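Bear in mind that the values here come from a model prediction, so they are computed numbers and not experimental data. We count ligands from 1, going down the list as the structure has it; atoms in each ligand are counted the same way.
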Amino acid sequence: MSGEKVLIFDTTLRDGEQSPGAAMSISQKLEVARQLGVLGVDIIEAGFPVSSPAQFEATRLVAEQVEGPTVAALARANRVDIEAAGKAIVPAAKKRIHTFIATSPIHMKHKLKKEPDQVVKMAVEAVRFARTFTDDVEFSPEDACRSEIPFLIEILAAVIEAGATTLNIPDTVGYVLPYEYGQLIGKLKSDVPGIDKCVISTHCHNDLGMAVANSLAGVRNGARQIECTINGLGERAGNAALEEVVMAIRTRQDFFGHGGSEDLSTNINTKEIHRTSQLVSRLTGFVIQPNKAIVGANAFAHESGIHVDGILKERTTYEIMTPETIGLTGSRMVLGRHTGRHGFAERCKQLGYKLTKDEVEQAYERFVAIADKKKEVFDADVAAIINDEIHVFEQVYVLDYLHVASGTGTLPTASVKMRARGEVKIAVAFGDGPVDAAYEAIRQATNLRPTLEEYSIRAVTGGTEALGEATVRIRENKRTFIGRGVSTDIIEASAKAYVDAVNRMVAAQGTPEHPEVKAEL
Ligand SMILES: [Zn+2]
């Protein structure tokens with residue numbers, strides 16, 4: 001059985017990282033890139049080198065240290081951008097420059113202030129110049145889905161002539177529907193002169209929840225590369241989720257595979273999906289919604305009595321995929337206070353965490369404390385414990401003690417004891433409610449007052465003794481930081497989330513700002 005491959009182009013590190021609050025440090029990006037290599041993605045878009053020294057360095061290090069995938073760097077259609085991209089990817093064994101320019105009337109007129117003929121000329125020159133650095137050049141007509149089709153055909157034919165090898169068709173604003181996107185790809189495939197020599201690529205945003213459906217419609221009509229991100233990370237509503245497009249192609253082999261009219265598959269090792277998803281969630285602080293397809297905590301949990309009965313008799317009655325396929329062993333396993341250190345460590349490993357001995361010990365201590373309060377500890381609880389305990393950056397502020405007094409007829413009051421670089425700070429404050437009082441006390445103890453943009457709390461698993469996970473989003477100097485905290489006590493979870501966000505903010509100080517030049521692709 002041979003068949004064709006659909007190439008997976010991961011842009012978690014470039015497009016995904018552009019979502020506010022998802023910024024990663026260079027070492028975190030390297031960790032993600034290595035895991036993407038293990039996952040088996042064909043291309044990693046490592047960054048937008050011209051946008052900042054940190055972006056350049058992150059791209060260069062991925063090119064130097066990550067084996068396997070082609071490493072791509074993004075560049076606008078000008079010499080300065082392309083030169084930066086070309087230099088950053090020098091160490092890679094397989095390198096690609098991805099250059100782009102807007103082609104919709106609205107973008108050409110208002111953003112570029114250029115005539116269509118000038119835009120074609122710039123695109124051609126950019127591709128020619130990129131070819132002096134590598135033979136692998138991708139071109140994207142930005143906002144393709146709102147561009148005029150005859151113009152798209154003209155510019156694509158021109159860049160093919162100039163040496164482009166991959167043609168990416170971005171739905172930059174997440175506007176089109178699957179039927180329309182499929183038609184557009186089919187039309188370009190049949191009408192653009194020379195396109196048979198090139199790979200057609202999809203790049204779909206999820207503003208209407210269509211990113212995955214649009215990408216698959218593109219593949220159905222001839223696209224052979226999908227640009228996507230882990231967990232669908234990305235600006236606004238995000239990009240097409242890698243795990244969803246991959247599992248759709250795999251699960252529906254009767255449609256995409258040799259049972260269908262074509263014979264398509266991807267190079268992804270699906271058993272690494274869950275591990276990769278958890279890693280990206282942990283490093284960015286972005287929570288995965290429990291009902292998220294493929295990687296959500298409930299995606300493989302069957303709780304309704306009828307379903308469970310059906311599954312016990314024959315798994316395929318309600319399961320279209322097995323949890324093992326994405327790297328989970330067993331649908332669900334319940335741990336409790338009798339679970340020993342070894343059993344706990346084993347479960348962490350099965351769930352995809354690579355922890356050091358000390359980290360296992362630290363997480364296990366927390367597990368024991370939680371198992372004491374909560375009889376059954378589920379996989380989602382274990383994931384929450386690890387996210388909470390194993391920090392991915394230095395903890396400048398540590399919450400040692402929190403006491404909150406509140407109730408009907410009393411003024412909510414909080415007292416905190418915190419440590420910061422060896423110093424102990426104590427503060428007492430009151431507020432509109434217990435969480436508000438706790439946050440005010442932390443603000444006083446840390447002497448930091450970022451704007452609180454968002455606060456939410458959810459139960460990690462069911463039951464009144466459930467673990468609560470709080471998420472906060474704070475903003476300072478136009479940068480956003482997300483913090484998470486977990487506890488069986490929701491006030492404590494809320495306080496920890498706030499301290500986590502503050503620590504992320506402090507860790508980011510002195511690091512370069514989020515690229516001021518954004519690639520709206
Ligand atoms: Zn994009």
Enquirer: Should the pair E262-R224 be classified as a salt bridge under the 4.0 Å nitrogen-to-oxygen rule?
Expert: yes

Enquirer: Go around the Zn ion (ligand 1) and count every protein N, O or S atom nearer than 2.8 Å.
Expert: 4

Enquirer: Check the pair R14, T229 against side chain to side chain contact (heavy atoms under 4.5 Å, CB included), reporting the backbone distance first and the verdict last.
Expert: CA-CA 9 Å; R14 202 280 299 166; T229 59; over 6 Å; no

Enquirer: How many angstroms lie between atom CG of D81 and atom CZ of R76, to the nearest 0.5 angstrom?
Expert: 4.0 Å

Enquirer: Taking the six-membered ring of F129 as reference, does the NZ or CZ atom of R79 fall below 6.0 Å from its centre and within a 45° cone about the axis?
Expert: yes

Enquirer: Using a strict cut-off of less than 4.0 Å between a Lys/Arg side-chain nitrogen and an Asp/Glu carboxylate oxygen, indicate whether D135 and R131 qualify as a salt bridge.
Expert: yes

Enquirer: Which residues pass the ring pair (Phe, Tyr, Trp, His ring centres under 6.0 Å) test with H274, not counting sequence neighbours?
Expert: none

